[in-house]
Amino acid sequence: MGSTCVRIAIDAMGGDHAPGEIVTGALRAREELGVEVLLVGDPQQIEAALPSKTNLGQVEIVPAEEAIAMDEEPLSAIRRKPKASINVAMNLVKNQKADGVVSAGHSGAAMAAALLRLGRLPGIDRPAIGAVFPTLIASKPVLILDVGANVDCRPKFLDQFAVMGSIYSEYVLGTPNPKVGLLNIGEEDSKGNDAAVRANQMLRENSQISFIGNAEGRDVLSGRFDVIVCDGFVGNVLLKFAEAVGDIVLQILREELPQGLRGQIGSAILKPNLKRIKQRVDHAEHGGGLLLGVAGICIIGHGSSQAPSIFNAIRIAKEAVDNSVLQRIQSQYQSLQQESN
């Protein structure tokens, strides 16, 4: 690519609030993060969503004739609609015209498009979606994967998730020697079903990670673990439950703050604290999940994403590019293969 600036392709037609909120979040990212954004989709709809004072010469729009609806079967839709916005966005990365993709559209379609057009990284059997959760310890998030890409997982998939998650945690989240856990129903190595027991053993024998044992549900947000691996069925339930809890916490805070003059004074005094609370528990602050294991940077956001979530999703993509996440994962697996030989 001719520019050294990070270039992110945005699926402007994906999500419940497309293209308006998608465009707003992308423009904010361009201004505040210094990234180049390529808005992929219907040019007329995208232009209509731009602020009235926007200089069209400064906005790069990549035409896409179709979009994939949330109720479509992902794989067939991807193949039936080669000019859909998510396919066009993935092709930009494949052809090295963009460094990453952000989509709040059909998550299954985004994953299918990434696999078909970008392919898997060498040594990776299944990609995983990683989501960042807050913990009881400020500035110490935990990365959970998989949160939706694979409903069923073999032990070796979880082992691969642990390696990829450790790399992301260390180099993007800034956690030295990340502590890895396996989500399970008990702390003992013998707990869980057969797959969990075998995964525990495999993780213990993996010299590339710092595995410290099983993580029970109460441990997820404790701050004890930096990376927790699980299958996508459990991970997706956990993700949506945690998001609901965050929404409830914010709603309770709004309801319990005093009303009237007392409330205004109290809110003014507590404003910095309330802002920090929102940043820690509001899922919009985390943007979306990085699809680890494919040969390209791909961030999958929530279908309900609005501008703040899109902004943060682009920030995650930029951080992954800046910290060479793909190259580090490839290097790690090359080392593993050399050791096995």
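FYI, side chains are in, hydrogens and waters are out, and symmetry mates aren't considered; it's all heavy atoms of this structure. As the structure is a prediction and not an experimental result, all values here were calculated from the model.
Residues I68, L75, I78, I86, M90, V101, L116, L118 make up the rest of the hydrophobic cluster containing V93, defined by ILVMFWY side-chain heavy atoms closer than 4.5 Å, directly or through other members. M202 forms part of no hydrophobic cluster, judged by ILVMFWY side-chain heavy-atom separations under 4.5 Å.
With salt bridges taken as basic N to acidic carboxylate O contacts below 4.0 Å, none links E170 and R328. Classification of E65 and K81 as a salt-bridged pair fails, no side-chain N sitting under 4.0 Å from a carboxylate O. The pair E31-R28 does not meet the salt-bridge criterion, since no charged nitrogen lies less than 4.0 angstrom from a carboxylate oxygen. Salt bridge absent: E187 and K191 never bring a charged side-chain N and a carboxylate O closer than 4.0 Å. Using a cutoff of 4.0 Å between basic side-chain nitrogens and carboxylate oxygens, R154 and D125 are not scored as salt-bridged.
For residues 110-124, the set of pairs meeting the side chain to side chain donor-acceptor pair (under 3.5 Å) definition, not counting sequence neighbours, comprises N87-R117, N91-R117. Pairs engaging residues 102-115 under the side chain to side chain donor-acceptor pair (under 3.5 Å) rule: D11-S103 [sequence neighbours left out]. Every pair passing salt bridge (charged side-chain N to carboxylate O under 4.0 Å, His left out) that includes a residue from residues 196-213 is listed here, sequence neighbours excluded: D189-R204, D194-R198.
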I8 and E36: side-chain contact (heavy atoms from CB on, under 4.5 Å), yes or no, with the steps? CA-CA 6 Å; I8 306 297; E36 292 184 35; over 6 Å; no

Start with the C-alpha distance between E21 and T24, add both sets of side-chain angles, then the distance that settles side-chain hydrogen bond (donor to acceptor under 3.5 Å, both in side chains), and finish with yes or no. CA-CA 5 Å; E21 291 292 318; T24 301; 5.4 Å; no

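Taking CD1 of I46 as the start and CD of E60 as the end, the distance is 11.0 Å to the nearest 0.5 Å.
Side chain to side chain, N184 and E216 fail the donor-acceptor criterion of an N or O pair below 3.5 Å.
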List the atom pairs, with distances to 0.1 Å, where a side-chain N or O of residues 291-298 and a protein N or O form a donor-acceptor pair under 3.5 Å, not counting sequence neighbours.
none

